[in-house]
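Structure first, commentary second.
Computed from a predicted structure; not experimentally measured. All ligand and atom numbering here is 1-based and tracks the order in the structure. Below, each value reflects all heavy atoms present in this structure, side chains not excepted, and no hydrogens, waters or symmetry copies.
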Amino acid sequence: MMKNPKPTLLTFYIALSIATTVALIVFVLDRNIKNSAIVFLATGPVAYFFIYNALQTFIYRKIKLIYKSIHNLKLGKDNAFGEHLSDDPVNDVEQEVEDWARTKRKEIDDLKRMEQFRKEFLANVSHELKTPLFSLQGYIHTLIDGADEEPEIRKKFLEKSADNIERLCNLVDDLSEISHLERGEVSVAKETFDINKLVKEVFDSLEPQATEKQISFSIKKGCDHSFLVLADRERIRQVLTNLLVNSIKYGRTHGETTVGFYDMDENILTEVSDNGIGIDEEHLPRLFERFYRVDKHRSRDAGGTGLGLAIVKHLIESQGGVINVRSTTGIGSTFGFTLRKSKEK
Ligand code: ADP
């Protein structure tokens, strides 16, 4: 069977069938091959003419109208009608409808995913706020109910209340940071700086936390020299701080965190490696999502908001870089990100 024949071809076949049938009837009645041939030659073009016009008037013009409507519905293609139209409108319509349905399906899927994202985000935010607020409520009510008479208990409850307030403050700070980043409101001040020097500054600022867990910081052998990058220094300080704090939080006591740098032609790759608890492979693809945590209790106990890596990813991408992670449970994790190499010497 013919699939989507062109109007001319379809008309030709119909006219041919009619002319042949009429010629055969004449031959049966007249038994004269010459007369049959004349009838065939005369009927063919006349049938072709009438059928072609009928098809154009009743079917193809209507299909062209549908085609035009589809074009007008398709964003950005409003003016394309006419230029695109071939002499095979049925095929054109089929193609257009397929394209259109595919685009619409994708748009609907994206909208559904975003809606799901929004719902999950709201549920996560309210849950994250609820936990410290309920704890605070409990401690304060216990204090009001008389626990404040015992100095030791009072001190303990006040300390716990202070911890929960700090957690709330961290969460609100991270939330406002991520909403700024997602709205693209963060200005990126590009400057040339030595990332090795910046890492050492962050090492110093985190020294007390690292010492508390007896974790040592070092620069990887062979990498301890200047690596000039072009990026926003303060934003990269924030990235390094988040990654190094995580290497302490999820590191083992007496552990080691090493930072290495690699020249990758146009970019500098910085890698932060620890020999901590590591992350199971199944969690890696979702690790940079907001509020995604491998072990919720451990993260919360360590004062985590679950937003640190999502912020890091946004920050790196806002500088035109990429971030990735490799990890093995029980062995350790390596977070690597790229930054544009500075051309300054
Ligand atoms: P959190 O505030 O929970 O630390 P992050 O976004 O910084 O949030 O990290 C998300 C999750 O990734 C953490 O809860 C933890 O399970 C895992 N993670 C991050 N860094 C490390 C690391 N260096 N080693 C092991 N797990 C890590």
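Taking the centre and axis of the six-membered ring of Phe27, the NZ or CZ atom of Arg31 falls inside the cone set by 45° and 6.0 Å.
Heavy-atom distances between Phe335 and ligand 1 reach below 4.0 Å in at least one pair. Not a single heavy atom of Gly276 lies less than 4.0 angstrom from ligand 1.
In this structure, Ser327 contributes its side chain and Ile279 its backbone to a donor-acceptor pair below 3.5 Å. Judged purely by atom type and a 3.5 angstrom limit, Asn164 has no side-chain atom pairing as donor or acceptor with the backbone of Leu136. Arg293 contributes a side-chain N or O that, together with a main-chain N or O of Thr305, makes up a donor-acceptor pair within less than 3.5 Å. When atom types are taken as modelled, the side chain of Arg252 and the backbone of Ile277 share no donor-acceptor pair closer than 3.5 angstrom. The closest donor-acceptor contact from the side chain of Asp274 to the backbone of Ser247 lies at 3.5 Å or more, if one exists at all.
Atom 13 (C) of ligand 1 has as its closest protein heavy atom Tyr250 OH, 3.4 Å. Nearest protein heavy-atom contact of atom 3 (O) of ligand 1 is Ser299 OG, 2.5 Å. In terms of protein heavy-atom proximity, atom 7 (O) of ligand 1 is closest to Asn246 ND2, 2.9 Å.
The aromatic rings of Tyr292 and His283 sit tilted, their planes meeting at an angle between 30° and 60°.
Each of the following atoms of ligand 1 lies closer than 4.0 Å to a heavy atom of Lys249: 1 (P), 2 (O), 4 (O). Close contacts between ligand 1 and Thr305 involve ligand atoms 2 (O) [criterion: under 4.0 Å to a heavy atom]. The distance from ligand 1 to the heavy atoms of Tyr292 drops below 4.0 Å at these ligand atoms: 10 (C), 11 (C). In summary, the atoms of ligand 1 found under 4.0 Å from a heavy atom of Val294, numbered by their order in the structure, are 14 (O), 16 (O). Within the listing of ligand 1, atoms 1 (P), 2 (O), 3 (O), 6 (O), 8 (O) sit less than 4.0 angstrom from a heavy atom of Gly306. Less than 4.0 angstrom separates some heavy atom of Leu287 from each of these atoms of ligand 1: 12 (O). Using a 4.0 Å cut-off to heavy atoms of Ile279, the atoms of ligand 1 that qualify are 25 (C), 26 (N), 27 (C). Taking every non-hydrogen atom of Gly308 and a distance limit under 4.0 Å, the qualifying atoms of ligand 1 come out as 5 (P), 6 (O), 7 (O).
For Arg290, the salt bridge (charged side-chain N to carboxylate O under 4.0 Å, His left out) partners two or more places apart in sequence, or in a different chain, are Glu182. Phe227 is linked by a ring-ring contact (aromatic ring centres under 6.0 Å, His included) to His225, Phe261, counting only residues two or more places apart in sequence or in another chain.
With Lys341 as the fixed residue, the side chain to side chain donor-acceptor pair (under 3.5 Å) test singles out one of Thr192, Asp265, Asp263: Asp263.
Residue contacts with ligand 1 for Asp274 involve side-chain atoms from C-beta outward but no N, CA, C or O (heavy atoms, distance under 4.0 Å).
At under 3.5 Å, a nitrogen or oxygen of Leu309, whether backbone or side chain, sits near a nitrogen or oxygen of ligand 1.
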